[in-house]
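Everything numeric in this text was worked out from a predicted model, so none of it was measured. The figures here come from the full heavy-atom set of this structure, side chains too, leaving out hydrogens, waters and symmetry mates.
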Amino acid sequence: MGGFRWIPCASSKPVLQSRSWILLQMQTLATLRPRFAGPLNRSLLKTLSLRALSSSSSDYASQSLGGLPRFFSEVLPPSKGGIVHIQGDEFWHMSKVLRLSTNDRVELFNGKGGLIGGCIQRIDRCGLDFVALEDPKLVPTPGAYWHVFAAFGTLKGGRADWLVEKCTELGASSVTPLLTERSSSISENRVDRLQRVVLAATKQCQRLHEMILNPPMKIDGLLPLIAQSKVCFVAVAEATPVVSALSLSGKECSGLIIVGPEGDFTKKEVEMMLEAGATAVGLGPLRLRVETATMALLSTLMLWSDSQQTSISTEPSCR
């Protein structure tokens, strides 16, 4: 077979190798070996060892930016040493899903900027007691306030859930299901489910101010809000690109975002909103789904708001 020989391997299948190739690999490894013994690589190995050690701790410890799992509670302890009783879905999540036990450290937040650290003091079949190990903190609301009105009531296959989840993660202040001629209803069961989606997304993305999910609203009810708002963008095909519209809107960091249903708004609905003071903006040449258009517009406005607040960081926060 010339310069080749069969070498058995663990899979019991022969592997064709070249003697010269094997010798070359051995020489390469021999020349590389001293490089791994240098001080830089020793420090790297030390770092990797520390990471391995930290990763061996409880799984729940990596769920929050602060290293502690975070749970929702409408009522927080007023001060260090205070106790609140946790029941319902959050109790189930803590005890059954994450299997937390007595003395495990956790955080509670109330969706209004309140945050407090503590530990589990006692667990029974119906709930658990959380005892505060510090005084509560109150985190101010962010400077950008964008309120989403989207006609997603008829979306199927979890697309409405996805829209609400991503609005929560991106930092929308509120989401309102918009009822239009082409999306005229949304079931109460869907609204209840979306409330749970909001809470789960709030915990996942580490928001301390829960996004508000408003009751469904018709176009007629939206018109007064448009008239009162300084900035209101409605997604309309072939309109002025949103980035161009933003350059004309000053440094406003709050307003309304309006996205129509599958099939878009009717001509009459668009005219009503524009007459009330809304600005039509385009999102590119392609036809977008409701949830895609909502994310494109909200993402653009949140990034715009962040850049504006950074540029005027020495000035009062925008409202």
**Report entry** From Leu256 atom CG to Leu225 atom CG, the distance as rounded to the nearest 0.5 Å
**Finding:** 6.5 Å
Query raised in the report: Pro77 versus Ile116: any side-chain heavy-atom pair under 4.5 Å?
Result: yes
Report summary line: Scanning both residues in full, the closest heavy-atom pair of Ser173 with Tyr145 reads OG-CA, 3.2 Å
Requested in this report: Ignoring hydrogens and angles, state whether a donor on the side chain of Ser254 or Trp146 is under 3.5 Å from an acceptor on the partner side chain.
Outcome: no
Query raised in the report: Minimum heavy-atom separation for Ser183 to Gly153, with atom names?
Result: OG-N, 3.7 Å
**Report entry** Flag if over 12 foreign heavy atoms under 6.0 Å of CZ, Arg190
**Finding:** yes
**Report entry** Closest heavy-atom pair and its distance - Leu170, Ser299
**Finding:** CD1-OG, 3.3 Å
Report summary line: Output for pair (Phe152 CZ, Asp161 CG), nearest 0.5 Å, gives 9.5 Å
**Report entry** Close side-chain approach of Ile258 to Ile226, heavy-atom, < 4.5 Å
**Finding:** yes
Query raised in the report: So do Arg105 and Ile120 actually touch side chain to side chain, heavy atoms under 4.5 Å?
Result: no
Query raised in the report: So how far is it from Phe130 CZ to Glu107 CD, rounded to the nearest 0.5 Å?
Result: 8.5 Å
Query - Rounded distance (nearest 0.5 Å) linking atom CD of Glu181 with atom OG1 of Thr266 - result: 4.0 Å
Report summary line: Interatomic distance, OG@Ser174 vs CE@Met211, rounded to 0.5 Å, equals 7.5 Å
Requested in this report: Using modelled atom types only, decide if a donor and an acceptor are shared between the side chain of Ser307 and the backbone of Trp304 within a distance under 3.5 Å.
Outcome: yes
Query raised in the report: Which one of Val236, Ile219, Asp264, Val234 satisfies the side chain to side chain contact (heavy atoms under 4.5 Å, CB included) criterion with Val270?
Result: Val236
Query - Heavy-atom donor-acceptor pair, Ser244 side chain to Thr240 backbone, under 3.5 Å - result: no
Report task. Considering only NZ, NE, NH1 and NH2 on the basic side and carboxylate oxygens on the acidic side, decide whether Lys268 and Glu271 come within less than 4.0 Å. Result -> no
Query - Electrostatic pair Glu269-Lys218, nearest N-O below 4.0 angstrom - result: no
Query raised in the report: So which pairs with a foot in residues 116-140 pass side-chain hydrogen bond (donor to acceptor under 3.5 Å, both in side chains), sequence neighbours left out?
Result: His85-Asp129, Arg122-Asp124, Arg122-Asp129, Glu134-Lys137
Report summary line: d(Met302 CE, Thr300 OG1) to nearest 0.5 Å is 11.5 Å
**Report entry** Pairs flagged by side-chain hydrogen bond (donor to acceptor under 3.5 Å, both in side chains) wherever residues 284-297 is involved - sequence neighbours left out
**Finding:** Arg159-Glu291
**Report entry** Any donor-acceptor pair under 3.5 Å from Thr202 side chain to Val198 backbone
**Finding:** yes
Query raised in the report: Going by heavy atoms in the side chains, are Phe71 and Val106 under 4.5 Å from each other?
Result: yes
Query raised in the report: Ignoring hydrogens and geometry, is there a side-chain-to-backbone donor-acceptor pair from Arg182 to Phe265 under 3.5 Å?
Result: yes
Query raised in the report: What residues, two or more places apart in sequence or in another chain, satisfy side-chain hydrogen bond (donor to acceptor under 3.5 Å, both in side chains) together with Thr176?
Result: Asn214
Query raised in the report: Hey, does Leu108 have a side-chain heavy atom less than 4.5 Å from the side chain of Ile86?
Result: yes
Requested in this report: In sequence, state the C-alpha distance, the side-chain angles, and the governing distance for Glu90 and Arg70, and then conclude on salt bridge (charged side-chain N to carboxylate O under 4.0 Å, His left out).
Outcome: CA-CA 10 Å; Glu90 293 298 83; Arg70 186 175 293 175; over 6 Å; no
Report summary line: Between Val290 and Val259, the two heavy atoms sitting closest are O-CG1, 3.9 Å
